[in-house]
Amino acid sequence: MQRDHPDYGQVKFFRDTFKDLESVYDIFPKLCGLSGTEYWALSMIHEGISTQYGICEHLSLSRQTVNSAFRQLKKKGLIRLETMDNNLRVKQVYLTEAGKKLIEKEICNIHKLEEEVWKKMSNEEQQQLSTLLYKYKTLLSDTLLNYKESLK
C-alpha cells in the first residue's frame, strides 16, 4: 500500500528503532573483546565464507577495512592466511584453534541468546519482520542506486 504523504513520525520512529537495534548489535563484539569488523569477519569465516573478497562482499565493507581486521585477528592468533594454489593473489582464511575456541565460547553463545529472543516471537511475526525488513532494504537500496545514477 503506497501513500501520497508518508507519516514522518513513523519514519522517524523506524530510524530511531533501527539505530537502537544497531546499538544492541554493537554490544556483541564488545562482549568478545573484538572490534565490530573482527567479530563479523569471524562469524562469516565460521559460516564458511573464507576469503577476504567474500567477507567484503557479504558485509559490504571495503577491502582495506577487512584487511585491517584480518591483521588484528592474525595478531591475536585467531586466524591464519594461506595463498590459494590456483590464484596467488587470493588468500584463504582459516581459524586457528584459539579462533575456534573463541567462536564456540563467545560468538555461538551470543547467537544462541539471539535465537532465544527470536523464539519469543511467533512464526508469523518472525516471517513478517524478515520479509518487511528485506523489502525495505531492497527498496531503499534501489532508490539510492537510482538517485546516484540521476546525479551523473
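When reading the values below, keep in mind they use all heavy atoms of this one structure, side chains included, and skip hydrogens, waters and symmetry mates.
Phe14 CZ: more than 12 foreign heavy atoms inside a 6.0 Å radius. Around atom CZ of Arg63, no more than 12 heavy atoms belonging to other residues, nucleotides or ligands sit under 6.0 Å away. Applying the 6.0 Å contact sphere to CD of Glu22 captures more than 12 heavy atoms from other residues, nucleotides or ligands. Within 6.0 Å of atom CD in Gln64, 12 or fewer heavy atoms from other residues, nucleotides or ligands are found, so the atom counts as exposed in its surroundings. The number of heavy-atom neighbours closer than 6.0 Å to NZ of Lys76, taken from other residues, nucleotides and ligands shown, is above 12.
Both Trp40 and Leu21 belong to a common hydrophobic cluster when Ile, Leu, Val, Met, Phe, Trp and Tyr are linked at side-chain heavy-atom distances under 4.5 angstrom. No path of Ile, Leu, Val, Met, Phe, Trp and Tyr side chains, each step under 4.5 Å between heavy atoms, connects Leu59 with Tyr53, placing them in separate hydrophobic clusters. In the hydrophobic cluster analysis, where Ile, Leu, Val, Met, Phe, Trp and Tyr join through side-chain heavy atoms closer than 4.5 angstrom, Val90 is grouped apart from Met44. In the hydrophobic clustering of ILVMFWY residues, with side-chain heavy atoms under 4.5 Å counting as a link, Leu31 and Ile103 come out together.
Using a 4.0 Å cut-off between charged side-chain N and carboxylate O, Glu104 and Lys101 make no salt bridge. Under 4.0 Å is where a charged nitrogen must lie from a carboxylate oxygen, and between Lys100 and Glu97 at least one such pair does. The pair Asp16-Lys12 meets the salt-bridge criterion, with a side-chain N (NZ, NE, NH1 or NH2) lying under 4.0 Å from an Asp/Glu carboxylate O.
In this structure, the side chains of Lys137 and Tyr134 come closer than 4.5 Å at one or more pairs of heavy atoms. The closest side-chain heavy-atom distance from Glu116 to Lys119 is not below 4.5 Å. Residues Phe13 and Phe18 are not in side-chain contact: their nearest non-hydrogen atoms beyond the backbone lie 4.5 Å or more apart. In this structure the side chain of Leu34 reaches within 4.5 angstrom of the side chain of Leu73, judged on heavy atoms. Contact of the Arg71 side chain with the Lys74 side chain is not registered, since no non-hydrogen atoms from C-beta on lie closer than 4.5 Å. By the 4.5 Å heavy-atom criterion applied to side chains, Ile110 and Ile27 are not counted as neighbours. No side-chain heavy atom of Val24 sits less than 4.5 Å from a side-chain heavy atom of Asp26.
Distance CZ/Arg15 to CG/Asp20: 14.0 Å, rounded to 0.5 Å. With values rounded to the nearest 0.5 angstrom, Thr17 atom OG1 is found 9.0 Å from Gln10 atom CD. Distance check: Leu95 CG to Leu42 CG gives 6.5 Å after rounding to the nearest 0.5 Å. Here NZ of Lys148 is found 11.5 Å from OG of Ser150. Values are rounded to the nearest 0.5 Å.
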Ile79 vs Leu81, side-chain contact (heavy atoms from CB on, under 4.5 Å): CA-CA, chis, key distance, verdict: CA-CA 7 Å; Ile79 64 168; Leu81 302 170; 4.2 Å; yes

side-chain contact (heavy atoms from CB on, under 4.5 Å) between Gln52 and Asn67, worked out: CA-CA 7 Å; Gln52 181 175 349; Asn67 192 41; 3.3 Å; yes

Stepwise side-chain contact (heavy atoms from CB on, under 4.5 Å) test for Ser68 and Thr65: CA-CA 5 Å; Ser68 295; Thr65 299; 5.9 Å; no

Residues Glu115, Lys112; criterion salt bridge (charged side-chain N to carboxylate O under 4.0 Å, His left out); working and verdict: CA-CA 5 Å; Glu115 290 166 10; Lys112 285 177 188 170; over 6 Å; no

Step-by-step side-chain contact (heavy atoms from CB on, under 4.5 Å) determination, Phe70 to Ile55: CA-CA 11 Å; Phe70 277 9; Ile55 291 170; 3.6 Å; yes

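Scanning both residues, Ala98 and Gly77, for their nearest heavy atoms gives CB-O, 3.6 Å. Nearest heavy atom pair, residue Pro29 against residue Ser35, reads CB-O, 3.5 Å. Taking every heavy atom of both residues into account, Cys108 and His46 meet most closely at SG-NE2, 3.9 Å. The two residues Ile107 and Ser43 make their nearest non-hydrogen contact at CG2-OG, 3.6 Å.
In terms of modelled atom types and a separation under 3.5 Å, the side chain of Gln92 and the main chain of Thr51 share no donor-acceptor contact. Looking only at distances, a side-chain donor or acceptor of Asn109 sits under 3.5 Å from a matching main-chain atom of Lys105. Between the side chain of Glu125 and the main chain of Ser122, a donor-acceptor pair closer than 3.5 Å is present. Using modelled atom types, no side-chain atom of Ser60 and backbone atom of Cys56 make a donor-acceptor pair closer than 3.5 Å.
Ser141 and Thr138 share no side-chain donor-acceptor pair at under 3.5 Å.
Residues forming a side chain to side chain donor-acceptor pair (under 3.5 Å) with Gln126 (at least two apart in sequence, or on another chain): Trp118. Every residue was checked against the ring pair (Phe, Tyr, Trp, His ring centres under 6.0 Å) condition with Tyr94, not counting sequence neighbours, and none meets it.
By the 30° and 60° cut-offs, the orientation of the rings of Tyr39 relative to Phe28 is perpendicular.
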